[in-house]
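Residue numbers count from 1 along this sequence.
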Amino acid sequence: MSGHRSEPYDGREGEAGPAGPLVLEHRVLKSLLGAWALAACSPAEAEAVEEHLGACGPCADEALRLREAVGLLQRPESLDLDPGLRTRVLESCLERRPPRIPVPEWAAAYDAETARLDALLQDFGDAEWHAPVRLRWYEADEASTRRTTVAGVIAHLLAVDGLVAVALGLDDPLGDVRAERPTPAARTEAYWRASRFPPTRSVRAPWREQSHHLVRTVSFTGGGTGWLPVSYGDFELPLHDAMLDRAFECWVHAEDIAEAVDYPYEPPSGRHLHGIVELAARMLPAVLEHRRLHGLASPVERRLVAAGEPGRSLRLEIEGSGGGEWLIPLDSPAAKGSAEHEVAHIALDGAEFCRLAAGHVSPREAAVGQVGDREAIRDVLLAAASMSRM
């Protein structure tokens with residue numbers, strides 16, 4: 001390699017070092033990736049490589065692959081890869097040089113959760129891809145399930161993430177396949193019927209490619225697209241909330257997959273978990289109103305509160321990583337949560353609350369500390385579970 005690059009300063013006294021960091025051609029930097037993965041580069045070479053990785057996606061992916069291979073060689077006690085490896089490698093690179101096109105904060109959780117799930121899937125064999133998984137959610141206040149496989153779960157994520165892709169003007173993964181309705185469940189069923197069934201490991205590549213396209217597109221278009229509406233068939237979410245929703249579902253189904261193959265899987269980071277909890281808390285008042293209109297929640301005992309005015313409220317206290325407090329207005333989604341009008345208080349762990357909102361924990365079995373109006377508490381817990389869907 002010395003024939004096509006300048007020699008780095010070796011730190012010996014009496015010799016002047018270079019005026020700045022090494023400036024190397026792309027082909028030279030690419031040839032150094034193996035040495036970098038083995039920590040065999042000089043400090044100057046390592047700095048040049050790591051600066052390059054912050055701006056070159058293909059080289060960053062290759063560096064990740066090489067680091068993973070080195071990790072396998074250096075850990076003879078286990079061939080299981082750490083699902084957080086990819087995130088740590090890329091974060092290390094980006095700490096040295098931020099990406100030229102930063103990912104919007106509201107898309108960061110989706111970027112992280114898709115990367116974690118992809119790392120989990122990396123070394124799955126046929127047995128793991130066809131391991132049975134039972135999707136769980138709540139419908140009409142009753143637990144519902146649908147049996148599929150690990151590959152079927154990834155196909156489900158691909159189909160539903162496609163709602164965001166369509167809103168951004170990207171290709172719909174369903175192609176010419178027509179779903180009966182433009183809802184997550186109907187799109188999933190249509191994709192399952194049209195694809196090779198049961199789905200196989202081949203679904204991983206299009207799912208991951210689509211997730212990369214989504215992150216790149218929202219990064220290049222900037223934060224202003226955050227209010228772009230994304231239709232879920234029965235309702236709409238602004239893009240910044242839809243990306244949080246997709247991060248939430250990616251994590252929940254990653255846990256489903258990890259459970260199916262008996263592999264540990266951690267909740268999202270505290271910052272990302274907080275964003276997911278906050279989204280659910282913001283949606284609760286509208287969900288309560290919808291349930292009340294359909295006779296599924298207690299009627300308002302007095303006149304509706306005017307928009308922006310304080311009214312009866314429930315304090316939602318989320319403990320642990322990603323925690324916080326939210327005052328949930330009970331009588332109208334347009335009312336203002338008020339500590340003065342607080343009638344009930346529930347407290348539970350952040351991950352537990354998210355699993356409740358995903359339909360993975362029964363409202364009756366959620367580990368909740370509760371004080372105050374029992375009817376209001378019941379309504380809020382059932383409303384949280386009713387936000388779940390296939």
Side-chain angles (χ1 to χ4, degrees), residues 106-107 109-118 120-121 133-139 144-195 197-199 202-215 217-218 228-257 268 272 275-276 279-280 283 354-355 357-360 386-390:
W106 42 263
Y110 176 80
D111 191 26
E113 292 310 307
T114 51
R116 288 208 305 147
L117 174 54
D118 190 50
L120 174 66
L121 299 172
V133 179
R134 193 169 290 279
L135 301 179
R136 296 167 285 169
W137 70 97
Y138 264 69
E139 194 168 333
S144 298
T145 64
R146 178 71 155 82
R147 184 185 172 113
T148 184
T149 63
V150 168
V153 173
I154 302 303
H156 167 58
L157 291 174
L158 173 70
V160 185
D161 283 0
L163 293 170
V164 180
V166 170
L168 288 169
L170 303 176
D171 291 340
D172 188 341
L174 267 63
D176 296 330
V177 176
R178 291 290 173 262
E180 294 180 3
R181 300 181 62 221
T183 62
R187 285 176 59 86
T188 298
E189 296 286 358
Y191 189 88
W192 280 345
R193 286 194 302 268
S195 63
F197 196 83
S202 63
V203 74
R204 179 190 172 198
W207 165 74
R208 192 63 178 124
E209 183 179 1
Q210 178 176 255
S211 69
H212 283 310
H213 283 332
L214 294 179
V215 173
T217 300
V218 299
L228 181 75
V230 178
S231 175
Y232 283 69
D234 296 328
F235 62 95
E236 285 186 352
L237 288 176
L239 178 61
H240 57 79
D241 284 347
M243 293 298 284
L244 271 175
D245 170 77
R246 303 315 308 141
F248 175 34
E249 187 165 3
C250 183
W251 160 47
V252 167
H253 288 322
E255 280 198 338
D256 290 336
I257 291 171
H272 294 159
I276 292 169
L279 172 63
M283 294 176 67
C354 289
R355 294 183 184 109
H360 283 44
S386 73
M387 289 192 286
S388 64
R389 60 179 182 272
M390 186 177 87

Trainee: Side-chain contact test, heavy atoms from C-beta onward, threshold under 4.5 Å: evaluate it for I154 versus P199 and give yes or no.
Mentor: no
Trainee: Please confirm whether the backbone N or O of M243 pairs with a side-chain atom of W106, one donor and one acceptor, at under 3.5 Å?
Mentor: no
Trainee: The test is side chain to side chain contact (heavy atoms under 4.5 Å, CB included); show your working for Y232 and D245 and say whether it passes.
Mentor: CA-CA 11 Å; Y232 283 69; D245 170 77; 2.8 Å; yes
Trainee: Using modelled atom types and a 3.5 Å cut-off, is there a donor and acceptor pairing between side-chain atoms of R187 and backbone atoms of A159?
Mentor: yes
Trainee: Is V160 close to E249 at the side-chain level, that is, under 4.5 Å between some pair of heavy atoms?
Mentor: yes
Trainee: Check whether any side-chain heavy atom of H360 lies under 4.5 Å from a side-chain heavy atom of E255, and answer yes or no.
Mentor: no
Trainee: Check for a donor-acceptor pair, side chain of Q210 on one end and backbone N or O of L158 on the other, with a separation under 3.5 Å.
Mentor: yes
Trainee: Roughly how far, to the nearest 0.5 Å, is CG of D118 from CH2 of W207?
Mentor: 5.0 Å
Trainee: For the residue pair F248 and W251, categorise the inter-ring angle as parallel (less than 30°), tilted (30 to 60°) or perpendicular (more than 60°).
Mentor: tilted
Trainee: Is any side-chain heavy atom of P268 less than 4.5 Å from a side-chain heavy atom of R116?
Mentor: yes
Trainee: Under 4.5 Å between any side-chain heavy atoms of L157 and L117, yes or no?
Mentor: yes
Trainee: Do S144 and W137 touch side chain to side chain, with heavy atoms closer than 4.5 Å?
Mentor: yes
Trainee: How close do A109 and A247 get, heavy atom to heavy atom, and via which atoms?
Mentor: C-CB, 3.6 Å
Trainee: Give the minimum heavy-atom separation between A167 and P229, together with the two atoms involved.
Mentor: CB-O, 3.8 Å
Trainee: Between V177 and Y191, is there a side-chain heavy-atom distance shorter than 4.5 Å?
Mentor: no
Trainee: Before giving the answer on side chain to side chain contact (heavy atoms under 4.5 Å, CB included), spell out for L121 and V150 the whole-Å C-alpha distance, their side-chain angles and the decisive distance to 0.1 Å.
Mentor: CA-CA 9 Å; L121 299 172; V150 168; 4.2 Å; yes
Trainee: For the pair H156 and W192, name the ring-plane relationship: parallel under 30°, tilted 30 to 60°, perpendicular over 60°.
Mentor: tilted
Trainee: What I want to find out is whether R389 reaches D234 closely enough, with some N-O distance under 4.0 Å, to be called a salt bridge.
Mentor: no
Trainee: Do you know which of D171, L170, D161, V164 makes side chain to side chain contact (heavy atoms under 4.5 Å, CB included) with H213?
Mentor: L170
Trainee: Please report the shortest heavy-atom distance between L163 and P182, naming the atom on each side.
Mentor: CD2-O, 4.0 Å
Trainee: Applying side-chain hydrogen bond (donor to acceptor under 3.5 Å, both in side chains), name anything that partners E189, two or more places apart in sequence or on another chain.
Mentor: R146
Trainee: Do you know the tightest heavy-atom contact between A186 and A179?
Mentor: O-CB, 3.7 Å
Trainee: Mind checking the CG-CZ spacing from L135 to R147? Nearest 0.5 Å is all I need.
Mentor: 11.5 Å
Trainee: Within this structure, what is the OH-SG distance for the pair Y110 and C250, rounded to the nearest 0.5 Å?
Mentor: 7.0 Å
Trainee: What's the separation between atom CZ in R246 and atom CG in L214, rounded to the nearest 0.5 Å?
Mentor: 9.5 Å
Trainee: State the CG-CD1 distance between D241 and I276, to the nearest 0.5 angstrom.
Mentor: 12.0 Å
Trainee: If you look at every heavy atom in M390 and P184, which pair is closest and at what distance?
Mentor: O-CB, 4.0 Å
Trainee: What heavy-atom pair brings V133 and T149 nearest, and what distance separates the two atoms?
Mentor: CG2-C, 3.9 Å
Trainee: Can you confirm whether more than 12 heavy atoms, excluding those of D172, are under 6.0 Å from its CG atom?
Mentor: yes
